[in-house]
Undergrad: 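Take a look at the following structure, please.
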Amino acid sequence: MAYNFTAIEKKWQQYWRENKTFAALEPADAGDMPKAYVLDMFPYPSGAGLHTGHVENYTATDIVARLMRMRGVNVLHPTGWDAFGLPAEQYAIKTNRHPREMLAGNIDNFRRQIQMLGMSYDWDREIDTTAPEYYKWTQWIFLQLFNSYFDPTDQKARPIEHLVNELFNENLVVAPDGEVKVNPVQEGMERISGEVRVERLWRELSADEQRDVIDGQRLAYMDEVPVNWCPGLGTVLANEEVIDGKSEVGGFPVERRPMRQWMLRITAYAERLIKDLELLEWPESLKDMQRNWIGKSVGAEVDFEIAPESIAAAGARGYAQDSEPQPPRVPRAAGEVDADDLVITVFTTRPDTLYGATYMVLAPEHPLVDRIASQPHRETIESYRKQVAGKSERDRMADTKEKTGAFTGAYAINPVNDERIPIYIADYVLMGYGTGAIMAVPAHDERDYAFATKFDLPIKPVVRPANGEAPQGRAFTDEGIAINSPLIDGLPTADAKDRITAALSREGNAYRSVNYKLRDWLFSRQRYWGEPFPILLDKNGNATAIAEGELPLALPQMEDFKPTGTPEPPLSKARDWIRVSRDGQEFTRETNTMPQWAGSCWYYLRFCDPKNDKWFCDPAKERYWMPVDLYVGGVEHAVLHLLYARFWHKVLFDLGHVSTPEPFLRLVNQGLILGEMEFHVFETEAGEPVSAADIRDMAEEATEQGISVYAFHKQTGARLKGRRVSEEDVEQTKQGFRLKANLEILADGRSFKMSKSRGNVANPDDLVRDYGADALRLYVMYMGPLEAQKPWNTRDIIGMVRFLNAVWRNLVGEEEEEDRGPGFGVRGPGEGDGGASPSSPDTGNPIPDTRSSPDTRHPKPETRITGSPIPDALDRMMNRTIKKVGEDTAALRFNTAIAELIKLNNEMTRLAEIPRDLAETFTLMLAPYAPHAAEEIWARLGHTKTLARRPWPEYDPAKLAESTLELPVQVNGKLRDKITVPADADEATILQAAQSAPGVQQWVAGKEFKKRLYVPKKLVNFVVG
RNA sequence: GGCCUCGUGGCGGAAUUGGCAGACGCAGUGGAUUCAAAAUCCACCGCCCUCACGGGCGUAUCGGUUCGACUCCGAUCGAGGCCACCA
């Protein structure tokens, strides 16, 4: 090694830490500096330590942060620990330790590793989501949600008191289902679908009813809902945490069961969460993922009346006793539909296919089923319902091809043509989406088609393709032209939808409707390691917030924190903790805890003011730093963290606690780093397949022991040195000769995700030890575009080590002595100080001189740094490099920026003398990428303070242009020659020169010029024929 | 099945607005240096034909637009990601 990176890196890490080199300035101290908030997705401090994905993520933002500081920007670049949640707790249980104690060690290890990589974080802002000083405010924000509701008129959250006032003043009324709506007296009559229901005024409600109405409107509310219960983890999970019917953490099976749980009303924000994506500089693909997850569908709700004889046959209302309590029946107002009519409301995105509706399907759990199922069918209906309820999520998904269901015996009336159509129940209709009921149009929906085929129901086409034939044997689901539909015949689908919706809504049978796939966020977990809810429950299970002054509500220290295996959370075992009396009333504490995502929903706000114990974040500081200007992290958070955080942020925005509608302005996903290539298509002499690892081992053995090894590609025949394998190659290979070096040529390799089980994990500790942090940083950034998925290849790091060594040799000099003390080589005592620029003083403290003692045994090293001016050609190259590196770095194109630095350094290697100006400019440009080496070289160039805030080099636009141009000359689009012309030559001159170029002559001689094309500063093209 | 992204040398990748395909690094080959090795330096390094000069082909495949296509359009094949009975 030409220089001792281990000692240099340690030295500078210590210097930065002691001098707080990267501390962000408080807004009051920043003057007119621009600000930038550069954020990583902070790590979950697992026991495994940093992986290469972390290194990629944090190096990228570190480079940007360092560049910006050099450009005079006040940069906030913090980190911390997202330490609550399932993985830590699972691991703690497995290893029989307490999560807190276990995490303390993990966090220390993460901090050490991050510092070892030279990340320029402001360590005074480190936060830990499990610290009471932090989760105090997580709980506080939860109380904001609890104490707010969503005002549908203004589409924003408001304090719950506002709702109470509106109800009290009778601007709002309560519908029988408990929903709140605008008082119809003030809006004229509203259409009422389904049940005949009459709204009630606030004063007509009992105190308990009033309480239920209010609780039912909160953004954080409790509800009995079918949830994802995971017996393996002993907790419920959010939809987002369930993958293919199994838990994301641990991969345990998940089943649906109804439980009373805390929910957050994220659905109220569905529209704004879609709309405001437009404000964001995010990758389009990620925006698409969020849009798809929210899943907006525009369509219509349509009412189907149930045929009167079906109601009579079912005995109508008498049968509903054992189902959920029905809303109170109330006398109907004049002019409304007959109370004895029952109506099924469906949601459809294709109202234009209404004439093709040949049957209906209700979700098995639909409350109307009890009221319409006629006697002879009740038994099959009940047994089908039982069968569905017993199915696990996974079974249900596995069965999507084969449709199942049962006939209710009832019929409905199609409102467009008064046809009687049968009503079925089937589990392909979901209670949780739309109205839990559909009109089935088998001719134009694949699921309906499959069901109709199985149950032998009529299939009636009502749309034909605009051109071509309708497909046979399956549904035609595209848009087209309406047929067999008297009201809309001949209309294209879009117009047909409008027309039929308008027609039906005049009769009160339909109206436009929007549906979302997004469900409310299941927010409680039956786990120990999370934030306790700041909630007390009375003996009826009603929730009351604890006073803000009582926050934080500390998580009780428990020896036995394991899940109970039942829905009863572990905190219920903390007997003393759960019992509370207030004002002579007995309460119990809520024993569920918040999910893993809670702490990360707002941590970026805390970084603006991490030590404030009066407020979650000082408003002035929040206004200064927010929004986050650059947020980098893995795509795995596309629909979890990033959706939840946006939701919380919007609530805080509505309530006036934050100043921006969105938290993360610009977001970049770093691509996954795959493991090293794996080779697996070889055969041994005996014809057995062997892996690459086997071959490597064999090759090593071969060289050591002279055993013959031989391998070739199974399908294609192996290629060596870019040629087909010859007899000679096989002979060489048999002797183990160069086999190792040519492995990849032999291989049909593939890369896989890094994983312990594959044993292809690259460990940052080993890499830093062997190659240094700077080389690792360079390699990880040089692998390819930040966003791209790339295979790891430890072999390639050597290129970056060579680059740094060459830089060192160019700018510092050759080391003469092999064994040096800690520190690094030597520097001549007299050289250097002339370059320190007086115009912009260094900030920070002087660098401690940790160089080896001035030791006269070492001869003065050769140095090629001189004070002579830069020659023109070199000056142009330097200026172009400044431009390119600056632009590429700012645009996160780190790989090409590094390539430019390497090119300039290669040029310096060829120089006999290196002008000081070039040396310093180069060092400054290197600094964001290889900060330790750059600082050390900077010091050895004679500077006494850190370069962290030295101005980034400026280029001189006048020096970018060459005085002559080299232009390619094409004939009929093929390159035939190149000409060199003065940069200011006019078109006629250039065309003349091009035409007489030797390589062009033979192609144009005797031919007619059809066109002479000159693209300024690009090329010349002659079209001849 | 739906939506999205992507197919360039032996490998990672570059080509920023439609204008010299393969920058830069790795691997490889030849040479210099060395007692030797490591390290370093110089040269070569897409495929085919040719002693050479030179020529032909070439960015998954097929077709289109254009003076000109890795880049734009259409189809096909292949890889990856996300969602997945959402009416």
Side-chain angles (χ1 to χ4, degrees), chain A residues 1-2 244 283-286 288-289 291-293 295 297 299 346-350 353 361 396-397 399-401 403 426-430 432-435 437-441 445-448 450-451 515-519 635-636 638-639 672 677 719-723 738 741-747 749-750 778-779 782-785 787-793 795-800 802-803 805-806 809 814 884 887-888 891 893 895-896 898-903 906 909-910 966-975 978 999 1010-1013 1015 1017-1024:
Chain A
M1 290 295 148
D244 289 337
E284 265 318 301
S285 60
L286 194 135
D288 277 344
M289 278 167 72
R291 285 189 201 104
N292 289 341
W293 189 265
S297 298
V346 303
F347 173 73
T348 177
T349 54
R350 293 292 299 273
T353 62
V361 186
R396 245 201 62 223
M397 287 183 189
D399 294 346
T400 53
K401 284 242 165 65
K403 295 281 176 286
D427 67 351
Y428 82 91
V429 173
L430 310 172
Y433 182 79
T435 60
I438 62 159
M439 64 178 206
V441 186
D445 180 283
E446 285 177 31
R447 295 151 301 182
D448 297 344
F451 189 88
N515 257 291
Y516 301 92
K517 282 196 252 183
L518 187 69
R519 309 291 157 81
V635 72
E636 66 271 19
V639 285
L672 192 67
M677 281 275 197
R719 286 161 66 106
L720 279 175
K721 302 172 201 168
R723 287 179 285 119
R738 288 207 174 107
N742 283 309
L743 249 187
E744 75 198 356
I745 298 169
L746 287 156
R750 257 194 89 190
L778 281 166
Y779 170 63
Y782 190 66
M783 277 196 297
E787 303 87 339
Q789 202 172 96
K790 328 165 257 280
W792 181 267
N793 219 330
R795 184 191 65 196
D796 289 350
I797 299 180
I798 194 68
M800 298 300 113
R802 284 182 196 147
F803 166 57
N805 283 338
R809 276 194 305 274
E814 296 280 356
K884 180 110 169 87
E887 287 173 357
D888 282 359
R893 293 190 295 259
N895 53 333
T896 49
I898 294 169
E900 292 303 309
L901 289 172
I902 293 172
K903 256 183 348 198
N906 288 348
T909 302
R910 282 186 272 275
E966 193 186 49
L967 291 175
V969 182
Q970 299 180 339
V971 178
N972 290 341
K974 285 199 159 116
L975 179 69
K978 290 181 184 183
K1010 291 187 173 160
K1011 209 175 241 181
R1012 291 181 172 84
L1013 238 112
V1015 184
K1017 298 197 195 294
K1018 294 283 188 194
L1019 54 49
V1020 176
N1021 189 13
F1022 294 122
V1023 185
V1024 299

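The model shown is predicted, which means the values in this text are computed figures rather than measured ones. Residue numbers start from 1 in every chain, and the chains themselves are labelled A, B, ... in the order their sequence lines are given, proteins ahead of strands.
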Undergrad: Have a look at B:rG9 and give me syn or anti from its glycosidic angle (syn if within 90° of zero).
TA: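 B:rG9: syn.
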Undergrad: State which residues pass salt bridge (charged side-chain N to carboxylate O under 4.0 Å, His left out) with A:Asp888; sequence neighbours excluded, sorted by chain then number.
TA: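 Here the qualifying residues are A:Lys884, A:Arg893.
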Undergrad: Taking atom P in both B:rA21 and B:rG46, what distance in whole Å separates the two?
TA: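 About 14 Å, rounded to a whole number of Å.
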Undergrad: Name the pairs: protein N/O against N/O of nucleotides 43-46 of chain B, kept only if under 3.5 Å.
TA:
none

Undergrad: Measure the distance from CG on A:Asn805 to P on B:rA38 and round it to the nearest whole Å.
TA: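 Answer to the nearest Å: 16 Å.
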Undergrad: In the strands shown, is B:rG58 matched to any nucleotide by a Watson-Crick or G-U wobble pair with both distances under 3.5 Å, and which?
TA: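 For B:rG58, the partner nucleotide comes out as none, under the 3.5 Å rule.
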Undergrad: Give me the distance, rounded to whole Å, that separates B:rC72 from B:rC4 when you measure between the P atoms they each carry.
TA: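 To the nearest whole Å, 16 Å.
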Undergrad: Taking for each residue the nucleotide of RNA chain B with the nearest heavy atom, is it A:Val635 or A:Ala788 whose nucleotide lies nearer the 5' end?
TA: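 Result of the comparison: A:Ala788.
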Undergrad: Any side-chain heavy atom of A:Val441 sitting closer than 4.5 Å to one from A:Thr348?
TA: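 Answer no - side chains too far apart.
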Undergrad: A:Val969 near the nucleic acid: base, sugar-phosphate alone, or nothing, with a heavy-atom cut-off under 4.0 Å?
TA: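 The answer is nothing, as A:Val969 stays clear of every strand by at least 4.0 Å.
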Undergrad: For nucleotides 54-56 of chain B, which of its nitrogen or oxygen atoms have a protein nitrogen or oxygen under 3.5 Å away, and what is each distance?
TA:
unit_1, atom_1, unit_2, atom_2, d
B:rG56, OP1, A:Arg976, NH2, 3.4
B:rG56, OP2, A:Arg976, NH1, 3.3

Undergrad: Under the ring pair (Phe, Tyr, Trp, His ring centres under 6.0 Å) test, which residues partner A:Tyr782, sequence neighbours left out?
TA: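 With neighbours one apart ignored, the set is empty.
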Undergrad: Quick one: list whatever passes ring pair (Phe, Tyr, Trp, His ring centres under 6.0 Å) with A:Phe451, sequence neighbours left out.
TA: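 Testing A:Phe451 for ring pair (Phe, Tyr, Trp, His ring centres under 6.0 Å), a comparison that skips the adjacent residues, returns A:Tyr359, A:Tyr424, A:Tyr428, A:Phe455.
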Undergrad: Sequence neighbours left out, what passes side-chain contact (heavy atoms from CB on, under 4.5 Å) with A:Thr909? Give chain and number order.
TA: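 Checked A:Thr909 against side-chain contact (heavy atoms from CB on, under 4.5 Å); matches are A:Asn810, A:Asn905.
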Undergrad: Take the protein atom CG of A:Asn972 and the nucleotide atom C1' of B:rU66, then report the distance between them rounded to whole Å.
TA: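 So the CG-C1' distance, A:Asn972 to B:rU66, works out to 13 Å.
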Undergrad: Expressed in whole Å, how much space separates the P atoms belonging to B:rC11 and B:rC20?
TA: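 Approximately 24 Å lies between the P atom of B:rC11 and that of B:rC20.
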Undergrad: Using the P atoms only, state how far B:rG64 lies from B:rG18, rounded to an integer number of Å.
TA: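 My reading of the P atoms in B:rG18 and B:rG64 gives 22 Å.
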Undergrad: Pick the P atom in B:rU61 and in B:rU71, then give their distance to the nearest Å.
TA: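 Looking at atom P only, B:rU61 and B:rU71 are 11 Å apart.
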Undergrad: Tell me every residue that passes side-chain contact (heavy atoms from CB on, under 4.5 Å) with A:Gln789, counting only those two or more places apart in sequence or in another chain.
TA: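 Scan of A:Gln789 (side-chain contact (heavy atoms from CB on, under 4.5 Å), adjacent residues dropped) gives A:Leu672, A:Leu674.
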Undergrad: Are the side chains of A:Asp448 and A:Lys403 in contact, using a 4.5 Å heavy-atom criterion?
TA: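 No. Closest side-chain heavy atoms not under 4.5 Å.
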Undergrad: Could you tell me the separation between the OH atom of A:Tyr779 and the C1' atom of B:rC11, rounded to a whole number of Å?
TA: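 After rounding, the gap between these two atoms is 10 Å.
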Undergrad: Mind checking salt bridge (charged side-chain N to carboxylate O under 4.0 Å, His left out) for A:Lys903 and listing every partner two or more places apart, or none if nothing turns up?
TA: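 A:Lys903 satisfies salt bridge (charged side-chain N to carboxylate O under 4.0 Å, His left out) with A:Glu900 only.
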Undergrad: Do A:Lys403 and B:rC85 have a side chain to base donor-acceptor pair shorter than 3.5 Å?
TA: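 When only heavy-atom distances are counted, A:Lys403 does reach the base of B:rC85 through a donor-acceptor pair under 3.5 Å.
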Undergrad: Atom CH2 of A:Trp792 to atom C1' of B:rC26: distance rounded to whole Å?
TA: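 Answer to the nearest Å: 14 Å.
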Undergrad: With sequence neighbours left out, what residues match A:Phe803 under ring pair (Phe, Tyr, Trp, His ring centres under 6.0 Å)?
TA: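 Applying ring pair (Phe, Tyr, Trp, His ring centres under 6.0 Å) to A:Phe803 gives none.
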Undergrad: Using Watson-Crick or G-U wobble geometry with both distances below 3.5 Å, tell me the partner of B:rG2, or none.
TA: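 For B:rG2, the partner nucleotide comes out as B:rC82, under the 3.5 Å rule.
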Undergrad: Can you list the residues that meet the side-chain hydrogen bond (donor to acceptor under 3.5 Å, both in side chains) rule with A:Ser297, with sequence neighbours excluded?
TA: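 In terms of side-chain hydrogen bond (donor to acceptor under 3.5 Å, both in side chains), with neighbours along the sequence ignored, A:Ser297 is linked to A:Tyr433.
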Undergrad: What is the pairing partner of B:rU66, taking Watson-Crick or G-U wobble pairs with both distances under 3.5 Å in any strand?
TA: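 Check on B:rU66: unpaired, no WC or wobble geometry under 3.5 Å.
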Undergrad: When the distance from CZ of A:Arg1012 to P of B:rC67 is rounded to whole Å, what number comes out?
TA: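 One finds 17 Å between P of B:rC67 and CZ of A:Arg1012, rounded.
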Undergrad: B:rC45 and B:rG22: how far apart are their P atoms, nearest whole angstrom?
TA: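 Roughly 12 Å separates the two P atoms.
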Undergrad: Counting Watson-Crick and G-U wobble pairs only, both distances under 3.5 Å, name the nucleotide matched with B:rC45, or none.
TA: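 When the pairing criteria are applied, nothing turns out to pair with B:rC45, so the answer is none.
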Undergrad: Please name the nucleotide paired to B:rA52 by Watson-Crick or G-U wobble geometry with both distances under 3.5 Å, or report none.
TA: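 Pairing partner, where one exists within any strand: none, as none qualifies.
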Undergrad: Considering only nitrogen or oxygen atoms on both sides, find all protein atoms under 3.5 Å from nucleotides 19-25 of chain B and state each distance.
TA:
unit_1, atom_1, unit_2, atom_2, d
B:rC20, O2, A:Lys978, NZ, 2.4
B:rA23, O2', A:Lys903, NZ, 2.9
B:rC24, O2', A:Tyr782, OH, 2.6
B:rC24, O2, A:Tyr782, OH, 2.4
B:rG25, OP1, A:Asn906, ND2, 3.1
B:rG25, O4', A:Tyr782, OH, 2.9

Undergrad: From CG of A:Asn793 over to P of B:rC11, roughly how many Å is that when rounded to an integer?
TA: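 After rounding, the gap between these two atoms is 12 Å.
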Undergrad: If B:rC26 has a Watson-Crick or G-U wobble mate with both distances under 3.5 Å, name it; if not, just say none.
TA: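 Across all strands, the one nucleotide that pairs with B:rC26 is B:rG10.
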Undergrad: Do A:Asn972 and A:Val1023 have side chains that get closer than 4.5 Å, going by heavy atoms?
TA: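 Heavy-atom side-chain distance check passes, below 4.5 Å.
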Undergrad: Closest nucleotide of RNA chain B for A:Val1023 versus for A:Asp288: which of these residues is on the 5' side?
TA: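 Result of the comparison: A:Asp288.
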Undergrad: Provide, to the nearest angstrom, the distance between the OH atom belonging to A:Tyr433 and the P atom belonging to B:rA84.
TA: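 Value for this atom pair: 13 Å.
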Undergrad: Expressed as a whole number of Å, how far does the C1' atom of B:rC48 sit from that of B:rG63?
TA: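 About 26 Å, rounded to a whole number of Å.
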Undergrad: If you check every side-chain atom of A:Gln789, which of B:rC3, B:rG80, B:rC11 has the closest atom?
TA: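 Output: B:rG80.
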Undergrad: Take atom NZ of A:Lys790 and atom P of B:rU8, then tell me their distance rounded to the nearest Å.
TA: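 My rounded result for the distance is 16 Å.
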Undergrad: Are OP1 or OP2 of B:rC3 and a side-chain N or O of A:Ser285 less than 4.0 angstrom apart?
TA: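 A:Ser285 to B:rC3 OP1/OP2: no side-chain N or O under 4.0 Å.
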Undergrad: Using Watson-Crick or G-U wobble geometry with both distances below 3.5 Å, tell me the partner of B:rG18, or none.
TA: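 No nucleotide pairs with B:rG18.
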Undergrad: Expressed in whole Å, how much space separates the P atoms belonging to B:rG74 and B:rG81?
TA: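 Going atom to atom, P in each nucleotide, I get 25 Å.
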Undergrad: With a 4.5 Å limit on heavy-atom distance, are the side chains of A:Gln970 and A:Leu1013 in contact?
TA: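 No, every pair of side-chain atoms sits at 4.5 Å or beyond.
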Undergrad: Under the rule for side-chain hydrogen bond (donor to acceptor under 3.5 Å, both in side chains), what residues qualify as partners of A:Asp288, not counting sequence neighbours?
TA: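 So A:Asp288 forms a side-chain hydrogen bond (donor to acceptor under 3.5 Å, both in side chains) with A:Arg291.
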